[in-house]
Student: 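Input: one structure, supplied below.
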Amino acid sequence: MKEYISIPQIGLGVFKIEPGAQMNDVIKYAYNIGYRLFDTAQMYHNEDALGNAIQANLIDRNDIFLISKVDNSNQGYTNTITSFYDSLSKLKTDYLDAFLIH
């Protein structure tokens, strides 16, 4: 039997959102009004900030759909696997719901 995962229809991309207070406030507001999908990428250089904001706002990881994307310079099997684990570390999670090619 196949298990299907539902992807929220509306999500928030965090491209160009600054680390710290701006990211924390944006994520808090978005979550409070119902956003459950957050999209980042290695090339945005803010995976750490998103991971920190999720933790700072006490958002349960199981309540959100989290996407990141492999940077072009990290493509290829070995590089992608290594950079995937780097993204997990920066986002302070043990899984992503989607990891895309950017």
Student: Might you confirm whether atom CD1 of I101 has over 12 heavy atoms from other residues, nucleotides or ligands at distances under 6.0 Å?
Tutor: no
Student: Quick check: does any side chain N or O of N57 sit under 3.5 Å from a backbone N or O of I59, one acting as donor and the other as acceptor?
Tutor: no
Student: Does any non-hydrogen side-chain atom of L88 lie less than 4.5 Å from one of Y85?
Tutor: yes
Student: My understanding is that only residues two or more places apart in sequence, or in another chain, count here; which of them pass salt bridge (charged side-chain N to carboxylate O under 4.0 Å, His left out) with D39?
Tutor: K69
Student: What is the minimum heavy-atom distance between M23 and A53, and which atoms define it?
Tutor: CG-CB, 3.7 Å
Student: Any side-chain to backbone donor/acceptor pair from K92 onto K90? Under 3.5 Å, distance only.
Tutor: yes
Student: Can you name the residues that form a salt bridge (charged side-chain N to carboxylate O under 4.0 Å, His left out) with D25, not counting sequence neighbours?
Tutor: none
Student: Can any side-chain N or O of R61 pair as donor or acceptor with the backbone N or O of I54 at less than 3.5 Å?
Tutor: no
Student: Would you say that more than 12 heavy atoms from the other residues, nucleotides or ligands in this model lie under 6.0 Å from the OH of Y95, or not?
Tutor: yes
Student: For a side chain to side chain contact (heavy atoms under 4.5 Å, CB included) check, start with the C-alpha distance between V70 and Q42, then their side-chain angles and the critical distance, and finish with the verdict.
Tutor: CA-CA 6 Å; V70 63; Q42 294 171 353; 3.8 Å; yes
Student: On a heavy-atom basis, which atom in L37 and which in P8 lie closest, and how many Å separate them?
Tutor: CD1-O, 3.8 Å
Student: Does OH in Y35 sit with more than 12 non-hydrogen atoms of other residues, nucleotides or ligands closer than 6.0 Å?
Tutor: no
Student: Parallel, tilted or perpendicular for Y44 and F15, by the 30°/60° rule?
Tutor: tilted
Student: May I ask you to decide if A56's main-chain N or O and N24's side chain share a donor-acceptor pair within less than 3.5 Å?
Tutor: no
Student: Do the side chain of E47 and the main chain of S68 share a donor and acceptor less than 3.5 angstrom apart?
Tutor: no
Student: Using modelled atom types and a 3.5 Å cut-off, is there a donor and acceptor pairing between side-chain atoms of D97 and backbone atoms of L66?
Tutor: yes
Student: Is a donor on one side and an acceptor on the other found under 3.5 Å between the side chain of R36 and the backbone of Y31?
Tutor: yes
